[in-house]
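In what follows, a structure is listed as structure tokens, so that the remarks can point back to it.
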Amino acid sequence: MKARGLFITIEGIDGAGKGTQIDHICSYMETEGIELILLREPGGTSIGEQIRGILLGQNNAEMKAMTELLLFAAARAQLVREVIEPALAEGKWILCDRFFDSTLAYQAGGRGLDRDMVQQSILLATGGLEPDLTLYLDLDPDVASERRARREESLGNEADRIEREDMIFKRAVRAEYLRLAAELERIVTIDAGGDPLSVWYEIQQTLTPLVQKHRGGK
Ligand code: Z5A
């Protein structure tokens, strides 16, 4: 029987630089000869991508916080059962752009939904599955907003429904991430305030021992 794979997630407020660091992680794993499955939340399955369209659609401003919570849970339930669990059972490595820490940060922290209720929705969706490692990119929301504004200006793309929330919401999201990071050993906090290469260097320090262990176990 194959050894179970590894489940890594990457988290942070919008604009923290997840996408930029995901590119570095994928190149690094390729160089190291590790096949990595890259997923995103919400999304990663045909059903999940359709739900993503509803969740982030700019025309859905009337969406209630409870609807939002349950749609994130529905997309996750599909992703866990259709992709993540089977891949881990086959010994594959997964990198997921956001997972349930985002729900705690955004729906409990940002929206102010009851944390126990949010936890229950997470448990229903995941069946108890947790990441082995979570890279949390910590960044001041003001800096993240400046970065996003620069990107929007250069690429001409518009903020989605959740990115349009105000700074009070974003600060509450970050506070919840910091609370989780202080509480949970699986979460490694990365200072995302430096230039992209220095942030990558910090992430690489965390990943290298895992890659070496994987090689040793082969
Ligand atoms: N959400 C939720 O509420 N609940 C949930 O359970 C889940 C999600 C799963 C999904 O969006 C939205 O759903 C998200 C949370 C919510 N909403 N918000 N807001 P997403 O994850 O698909 O998108 P995002 O989080 O908004 O990602 P993003 O805006 O693409 O940001 P990013 O990937 O973290 O950053 P980036 O694209 O790598 O970088 C942003 C810009 O900064 C870009 O121009 C870079 O070139 C630049 N950059 C990156 N790194 C640096 C450094 N180090 N220095 C300077 N500039 C940099």
Side-chain angles (χ1 to χ4, degrees), residues 9-26 38-45 48-49 51-58 60 63-80 84 95-113 118-119 121-122 124-126 131 134-167 169-174 176-177 180 190-203:
T9 59
I10 185 160
E11 295 278 355
I13 58 167
D14 36 308
K18 291 179 289 95
T20 307
Q21 296 307 321
I22 284 168
D23 289 345
H24 283 294
I25 297 171
C26 289
L38 177 61
L39 300 170
R40 69 171 180 182
E41 272 218 351
T45 64
E49 291 295 329
I51 295 173
R52 181 184 180 91
I54 299 171
L55 274 164
L56 303 185
Q58 294 157 348
N60 292 333
M63 189 180 295
K64 302 294 181 200
M66 183 61 76
T67 312
E68 186 178 275
L69 175 72
L70 294 173
L71 284 173
F72 278 117
R76 184 166 303 133
Q78 187 67 26
L79 184 66
V80 166
I84 300 180
L95 175 62
C96 197
D97 183 353
R98 300 190 178 280
F99 198 54
F100 65 68
D101 295 318
S102 284
T103 313
L104 287 162
Y106 283 81
Q107 280 63 54
R111 299 273 185 240
L113 290 177
V118 172
Q119 287 280 19
S121 78
I122 289 171
L124 272 177
T126 62
T134 298
L135 301 162
Y136 163 55
L137 304 193
D138 182 52
L139 189 65
D140 184 300
D142 290 314
V143 179
S145 282
E146 281 163 24
R147 284 186 188 175
R148 277 208 5 259
R150 274 202 297 274
R151 184 183 59 187
E152 278 156 30
E153 220 177 83
S154 65
L155 299 180
N157 53 354
E158 283 181 31
D160 66 43
R161 188 180 61 85
I162 299 178
E163 282 170 343
R164 289 177 179 197
E165 289 296 335
D166 62 19
M167 292 311 281
F169 178 88
K170 291 180 186 201
R171 287 198 189 99
V173 171
R174 185 197 194 193
E176 187 64 18
Y177 269 130
L180 289 168
I190 308 285
D191 178 0
D195 62 85
L197 272 182
S198 67
V199 178
W200 162 236
Y201 180 71
E202 232 189 288
I203 292 178

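Read the numbers this way: they start at 1 and go in the same order the structure lists the ligands and their atoms.
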Any idea which atoms of ligand 1 are less than 4.0 Å away from a heavy-atom of Gly15? 28 (P), 29 (O), 31 (O), 32 (P), 34 (O), 35 (O)

Nearest heavy atom to atom 16 (C) of ligand 1: which of Phe100, Phe72, Phe169 does it belong to? Phe72

Taking everything shown except Met63 itself, do over 12 heavy atoms lie less than 6.0 Å from its CE? yes

Using the side chain to side chain donor-acceptor pair (under 3.5 Å) definition, which of the options Arg76, Arg98, Arg52 pairs with Glu41? Arg76

Do ligand 1 and Val199 have nitrogen or oxygen atoms that lie under 3.5 Å from each other? no

Looking only at protein heavy atoms, what sits closest to atom 33 (O) of ligand 1 is Gly19 N, 2.9 Å

With the threshold set at under 4.0 angstrom, would you say Gly12 reaches ligand 1 through any of its heavy atoms? no

Under 4.0 Å, heavy-atom basis, I'd like to know which part of Arg150 is in contact with ligand 1: side chain, backbone, both or neither. neither

Going by the order shown, which atoms of ligand 1 are within less than 4.0 Å of some heavy atom of Gln107? 2 (C), 3 (O), 4 (N), 5 (C), 6 (O)

For Pro42 against Ala75, the heavy-atom pair lying closest together: CB-CB, 4.3 Å

Out of Ile162, Ile10, Leu79, whose heavy atom sits nearest atom 17 (N) of ligand 1? Ile162

Closest non-hydrogen contact found for Tyr177 with Ser102 is OH-OG, 3.2 Å

With heavy atoms only and a cut-off of under 4.0 Å, state how Glu165 meets ligand 1: side chain, backbone, both or neither. neither

Testing the basics here: between Glu176 and Ala105, what is the closest heavy-atom pair and its distance to 0.1 Å? CG-CA, 3.6 Å

Counting each atom of ligand 1 from 1 as listed, which ones have a heavy atom of Thr103 under 4.0 Å away? 5 (C), 6 (O)

Taking all atoms of both residues into account, what is the closest heavy-atom pair of Leu139 and Ile13, and its distance? O-CD1, 3.4 Å

Leu135 backbone acceptor or donor facing Glu11 side chain under 3.5 Å: no

List the atom of Arg147, the atom of Gly15, and the distance in Å for their closest heavy-atom pair. CD-O, 3.7 Å

Among Glu163, Arg98, Arg111, Glu153, which one puts a heavy atom closest to atom 11 (O) of ligand 1? Arg98

What atoms of ligand 1 come closer than 4.0 angstrom to any heavy atom of Arg151? 28 (P), 29 (O), 30 (O), 31 (O), 36 (P), 37 (O), 40 (C), 43 (C), 44 (O)

Contacting atoms of ligand 1, where contact means under 4.0 angstrom from a heavy atom of Pro196: 51 (C), 52 (C), 53 (N), 54 (N)

Identify the two heavy atoms, one from Leu55 and one from Arg161, that lie closest to each other, and give their separation to 0.1 Å. O-NE, 2.7 Å

Does Ser121 use its side chain to pair, donor to acceptor, with the backbone of Val118 at less than 3.5 Å? yes

I'd like to know whether ligand 1 has Gly194 as a neighbour, heavy-atom separation below 4.0 Å. yes

For ligand 1, the portion of Leu56 having any non-hydrogen atom under 4.0 Å away: side chain

Option set Asp191, Thr9, Asp14, criterion heavy-atom distance to atom 24 (P) of ligand 1, minimum: Asp14

Atom indices of ligand 1 within 4.0 angstrom of Gly17 heavy atoms, with elements: 32 (P), 34 (O), 35 (O), 36 (P), 38 (O), 39 (O), 49 (C), 50 (N)

Can you tell me how far apart CZ (Arg111) and CD1 (Ile162) are? Round to the nearest 0.5 Å. 6.0 Å

Is Lys170 close enough to touch ligand 1? Criterion: a residue heavy atom under 4.0 Å from a ligand atom. no

Check each atom of ligand 1 against the heavy atoms of Thr20 and keep those under 4.0 Å away; list them by number with element. 36 (P), 38 (O), 39 (O), 45 (C), 49 (C), 50 (N)

Near Glu41 (heavy-atom distance under 4.0 Å), the atoms of ligand 1 are 9 (C)

shortest atom 32 (P) of ligand 1-to-protein heavy-atom contact is with Lys18 N, 3.4 Å

Any sub-3.5 Å donor-acceptor pair from Lys170's side-chain atoms to Asp140's backbone N or O? no

Per atom 54 (N) of ligand 1, closest listed option by heavy atom (Arg52, Glu11, Arg147, Arg76): Arg147

I'd like to know if the side chain of Arg174 and the backbone of Asp138 have a donor-acceptor N/O pair within less than 3.5 Å. no

